[in-house]
Amino acid sequence: MHYGYIGQGNLGANCTACLLRAGMTVTVTDINRDAAAAALAAGASWADSPAELAAQVDHVITCLPSPAVSERVAGQMLPAMRDGAHWIEMSTLGRDEVLAFAGMAAKHNVRLMELPVTGGVHLAAQGNITMLAGGDKDMFDLHLPALKAMGNQVFHMGPLGSASVIKVITNMLAFIHLKACGEALMLAKRGGLDLAQAWHAIKASSGTSFVHETEGALVLNGSYDVAFNIDLALKDLGFAMGFGREFEVPLELAAATQQTYVAARAAYGGDAQSPMIVKLLEDLLGTDLRAEGFPARLT
């Protein structure tokens with residue numbers, strides 16, 4: 001099966017590499033050809049545009065930074081896709097956007113499967129990211145080998161829109177955990193504890209979390225570099241708050257965390273790394289959270 005992969009950012013490049021390592025035929029494109037250098041060196045083919053790519057392949061995967069970009073790319077690729085082809089959309093989208101894109105695709109006799117992922121770019125590089133699929137089961141079954149090449153845990157969540165809801169839920173929890181992690185580490189520091197020992201003790205306790213064990217380490221290093229920025233976090237939190245209103249669920253912790261991210265964007269800019277919400281607390285208290293032996297990037 002010949003896949004086209006549009007988007008060679010942090011996530012897309014790593015997922016493309018996984019497909020290539022599994023021996024799959026892949027053609028790629030990106031607004032920046034240099035971003036595809038690793039994929040091309042590993043055996044991928046290049047297309048000059050989404051339309052050119054779509055005309056060459058059996059099915060198209062997209063991994064793009066915003067719904068607006070996804071819509072713009074879809075307008076180019078859908079008319080060129082083969083009759084009955086599948087569009088696998090890995091971007092983080094709202095449920096309404098997923099359903100709208102499915103309607104756009106159907107006009108060209110193309111079916112959509114949503115495939116947001118969770119776990120972080122470092123797990124994508126290992127092929128160990130978690131994949132959350134939504135769409136027709138026959139599509140899921142057909143593409144399962146590709147999904148297993150990219151991720152080690154693959155879930156079919158149900159019909160279109162299901163995956164977007166669970167993806168937003170997992171991200172909401174991660175952002176809340178990060179805010180809690182920063183407060184916990186600051187309490188340890190101001191309480192006179194050795195921060196490295198405190199981090200390890202929390203990791204071994206009932207209070208640990210995936211975020212503490214990953215992003216907490218980046219905070220202690222001072223890089224904060226999780227390859228995910230504040231603007232993206234605010235986009236996802238906006239989706240979460242929208243679902244809260246729709247489903248009539250009060251999201252008090254999510255709302256407080258959203259406001260922390262708004263403050264962080266004002267202080268550091270939307271391109272700043274997501275864990276820099278912890279730096280807000282460091283700056284407020286004039287107390288840095290640094291310890292020896294923690295990585296600048298996750299591997």
How close do [X] and [Y] get, heavy atom to heavy atom, and via which atoms?
X	Y	result
Thr118	Lys167	CA-NZ, 4.1 Å
Ala51	Gln76	CB-O, 3.5 Å
Leu178	Ser274	CD2-O, 3.8 Å
Ala163	Glu114	N-OE2, 3.1 Å
Leu280	Ala264	CD1-N, 3.5 Å
Cys63	Gly12	SG-N, 3.9 Å

- Option among Asp271, Asp231, Thr260 that satisfies the side-chain hydrogen bond (donor to acceptor under 3.5 Å, both in side chains) test with Arg265: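 Looking at Asp271, Asp231, Thr260, the match for Arg265 under the side-chain hydrogen bond (donor to acceptor under 3.5 Å, both in side chains) is Asp231.
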- Which ILVMFWY residues are connected to Val98, directly or by a chain of links, through side-chain heavy atoms under 4.5 Å apart?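 Noted: Val98 shares its cluster with Ile6, Leu53, Val57, Val60, Leu64, Val69, Val73, Met77, Leu78, Met81, Trp87, Leu93, Leu99, Phe101, Met104, Val110, Leu112, Leu160.
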How long is the span from the [atom1] atom in [X] to the [atom2] atom in [Y], to the nearest 0.5 Å?
X	Y	atom1	atom2	value
Thr130	Leu123	OG1	CG	7.5 Å
Cys181	Leu289	SG	CG	9.0 Å
Asn14	Thr16	CG	OG1	8.5 Å
Asp225	Gln273	CG	CD	4.5 Å
Leu253	Met172	CG	CE	8.5 Å
Gln8	Cys15	CD	SG	9.5 Å

Pairs involving [range], ordered by first then second residue, that meet salt bridge (Lys or Arg N to Asp or Glu O under 4.0 Å) (sequence neighbours left out):
range	result
residues 122-136	Arg111-Asp136
residues 15-35	none
residues 188-215	Lys189-Asp288
residues 239-252	Arg95-Glu246

Would you say the side-chain atoms of [X] pair up with the backbone N or O of [Y], donor to acceptor, closer than 3.5 Å?
X	Y	answer
His156	Ala133	no
Arg290	Leu195	no
Ser223	Ala296	yes
Gln126	Thr299	yes
Asn221	Phe294	yes

- Task: Please step through side-chain hydrogen bond (donor to acceptor under 3.5 Å, both in side chains) for the pair Asp283 and Tyr268, ending with a clear verdict.
- Result: CA-CA 11 Å; Asp283 291 348; Tyr268 311 121; 2.5 Å; yes
- Evaluate side chain to side chain contact (heavy atoms under 4.5 Å, CB included) for His143 paired with Met1, printing each intermediate quantity in order. CA-CA 9 Å; His143 298 293; Met1 197 178 305; 3.9 Å; yes
- Check the surroundings of atom CD in Gln197: do more than 12 heavy atoms from other residues, nucleotides or ligands lie under 6.0 Å from it?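 Open: at most 12 neighbouring heavy atoms sit under 6.0 Å from CD of Gln197.
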- Any chance CD1 of Ile31 has more than 12 other-residue heavy atoms, nucleotides or ligands included, within less than 6.0 Å?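 Counting neighbours around CD1 of Ile31, 12 or fewer heavy atoms of other residues, nucleotides or ligands fall under 6.0 Å, so no.
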- Message: Pair Trp46, Asp48 - check side chain to side chain contact (heavy atoms under 4.5 Å, CB included), show working.
- Response: CA-CA 7 Å; Trp46 171 261; Asp48 286 328; 2.8 Å; yes
- Task: Go through the steps to decide whether Tyr3 and Ile88 satisfy the test side chain to side chain contact (heavy atoms under 4.5 Å, CB included), and finish with yes or no.
- Result: CA-CA 10 Å; Tyr3 285 101; Ile88 302 171; 4.2 Å; yes
- Would Phe155 end up clustered with Met150 when hydrophobic side chains under 4.5 Å apart are linked, directly or stepwise?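 Phe155 does not cluster with Met150.
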- With hydrophobic residues grouped by side-chain heavy-atom distances under 4.5 Å, do Leu144 and Met90 end up in a single group?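 Yes, one cluster joins them.
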- So Thr214 and His122, side chain to side chain contact (heavy atoms under 4.5 Å, CB included) or not? Walk me through it. CA-CA 10 Å; Thr214 55; His122 68 294; 4.2 Å; yes
- Message: Listing request: all ring pair (Phe, Tyr, Trp, His ring centres under 6.0 Å) pairs with a residue in residues 201-237, at least two apart in sequence or in separate chains.
- Response: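 Passing the test, one end in residues 201-237: Trp199-His212.
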- Message: Assess, by modelled atom type and distance only, whether the side chains of Thr62 and Glu89 contain a donor and an acceptor separated by less than 3.5 Å.
- Response: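 The criterion, which ignores hydrogens and geometry beyond distance, is satisfied for Glu89 and Thr62.
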